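Worksheet: one structure, shown below.
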Amino acid sequence: PGRIGMLVRIPVLPGMRAAALDVLNRYVDDLDQEPGTEAFIVCVDPDDSDVVWLYEWFRDEAALESHREAPLFGRLMTELPDLVGDSPGIMRLDPLRLRMSTSVTAQTF
């Protein structure tokens, strides 16, 4: 309780999903710079090759605000917009519980 989640649908320009994923992967690689960002999951849409989904999980409202003001997020916002077609769709979700199998948490992605 108290955590904040965001489900984000990013419609990329036709044929630009790989480039958008490169930008997002660089962002994820540096997320230790945002300690309040507790989870960040990048997903591809299996039915639409021009859509990327993000699930973001923040410790609290302050962490979400810090994320939005972070230099790392600023970098993302300069690199990603040229690859995006329409405005992203954002849905706020407040996570209540997480359970991950130990077989998953023992793996490195």
Side-chain angles (χ1 to χ4, degrees):
R3 287 180 166 79
I4 295 164
M6 298 284 181
L7 182 62
V8 182
R9 181 184 183 276
I10 303 174
V12 297
L13 293 170
M16 298 306 291
R17 184 163 79 175
L21 290 172
D22 285 344
V23 168
L24 289 164
N25 284 324
R26 281 193 305 277
Y27 177 75
V28 171
D29 288 344
D30 294 331
L31 264 176
D32 287 342
Q33 296 175 30
E34 291 185 24
T37 302
E38 296 182 331
F40 196 94
I41 302 168
V42 179
C43 306
V44 294
D45 191 313
D47 299 320
D48 189 335
S49 62
D50 296 324
V51 172
V52 175
W53 289 89
L54 306 177
Y55 179 67
E56 307 172 46
W57 179 328
F58 305 96
R59 181 179 49 244
D60 53 25
E61 290 283 349
L64 174 58
E65 190 61 32
S66 292
H67 158 74
R68 290 178 175 152
E69 295 173 357
L72 182 62
F73 184 73
R75 184 184 83 190
L76 179 66
M77 290 298 99
T78 61
E79 294 178 355
L80 194 59
D82 291 341
L83 305 171
V84 175
D86 293 326
S87 296
I90 301 172
M91 179 186 307
R92 180 177 165 148
L93 306 166
D94 291 340
L96 296 176
R97 184 173 179 196
L98 169 69
R99 191 228 179 253
M100 292 183 70
S101 166
T102 55
S103 64
V104 172
T105 58
Q107 295 177 15
T108 302
F109 288 92

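If you're wondering where the values come from, they're calculated on a predicted model, not measured in any experiment. Positions are given from 1 along the sequence.
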So CG of L72 and CG of D32: to nearest 0.5 Å the spacing works out to 10.0 Å

Applying salt bridge (Lys or Arg N to Asp or Glu O under 4.0 Å) to E61 and not counting sequence neighbours gives R92

Sequence neighbours excluded, the answer for side chain to side chain contact (heavy atoms under 4.5 Å, CB included) partners of L96 is none

Please answer: with hydrophobic residues joined when any side-chain heavy atoms are less than 4.5 Å apart, are L31 and W53 in the same cluster?
no

For residues 17-52, the ring-ring contact (aromatic ring centres under 6.0 Å, His included) pairs (sequence neighbours left out) are Y27-F40

Residues passing the side chain to side chain donor-acceptor pair (under 3.5 Å) test with D48, sequence neighbours excluded, are none

Answer yes or no: does atom CE of M91 have more than 12 heavy-atom neighbours from other residues, nucleotides or ligands under 6.0 Å?
no

Tightest non-hydrogen contact, residues D60 and A63, listed as OD1-N, 2.8 Å

Scanning both residues in full, the closest heavy-atom pair of D86 with V84 reads O-CG1, 2.9 Å

*Answer yes if V8 and I41 sit in the same cluster of Ile, Leu, Val, Met, Phe, Trp and Tyr residues linked by side chain heavy atoms under 4.5 Å apart, and no otherwise.*
no

Those residues at least two apart in sequence (or on a different chain) that pass salt bridge (Lys or Arg N to Asp or Glu O under 4.0 Å) with R17 are none

The salt bridge (Lys or Arg N to Asp or Glu O under 4.0 Å) partners of R97 (sequence neighbours excluded) come to none

Contacts of T37 meeting side chain to side chain donor-acceptor pair (under 3.5 Å) (sequence neighbours excluded), chain-then-number -> E34

D30 meets the salt bridge (Lys or Arg N to Asp or Glu O under 4.0 Å) criterion, sequence neighbours left out, with R75

Interatomic distance, CD@E38 vs CZ@F58, rounded to 0.5 Å, equals 10.0 Å

* Indicate yes or no: at least one non-hydrogen side-chain atom of R9 is less than 4.5 angstrom from one of V51. => yes

Contacts of S101 meeting side chain to side chain donor-acceptor pair (under 3.5 Å) (sequence neighbours excluded), chain-then-number -> S103

- Are M6 and V42 connected in the hydrophobic side-chain network, where two residues link if heavy atoms are under 4.5 Å apart? yes

When rounded to the nearest 0.5 Å, the distance separating NE2 of H67 from CZ of F73 is 4.5 Å

Y55 meets the ring-ring contact (aromatic ring centres under 6.0 Å, His included) criterion, sequence neighbours left out, with none

Item to check | Heavy-atom side-chain contact between D50 and V12 under 4.5 Å | outcome: yes

What one should report as the nearest heavy-atom pair of I4 and P95 is C-CD, 3.8 Å

Give every donor-acceptor pair under 3.5 Å between a side-chain atom in residues 18-26 and any protein atom, sequence neighbours left out.
{"unit_1": "N25", "atom_1": "ND2", "unit_2": "L21", "atom_2": "O", "d": "3.0"}
{"unit_1": "R26", "atom_1": "NH2", "unit_2": "E79", "atom_2": "OE1", "d": "3.3"}

Taking every heavy atom of P11 against every heavy atom of P88, the minimum-distance pair comes out as CD-CA, 4.0 Å

In this structure, CH2 of W57 is separated from CG of L64 (nearest 0.5 Å) by 14.5 Å

Same hydrophobic cluster for L54 and L76, using side-chain heavy-atom links shorter than 4.5 Å among ILVMFWY?
yes

Margin query: Count I, L, V, M, F, W, Y as connected when their side-chain heavy atoms are under 4.5 Å apart, and connections chain through other members. Are M77 and M16 then in the same cluster?
Written below: yes

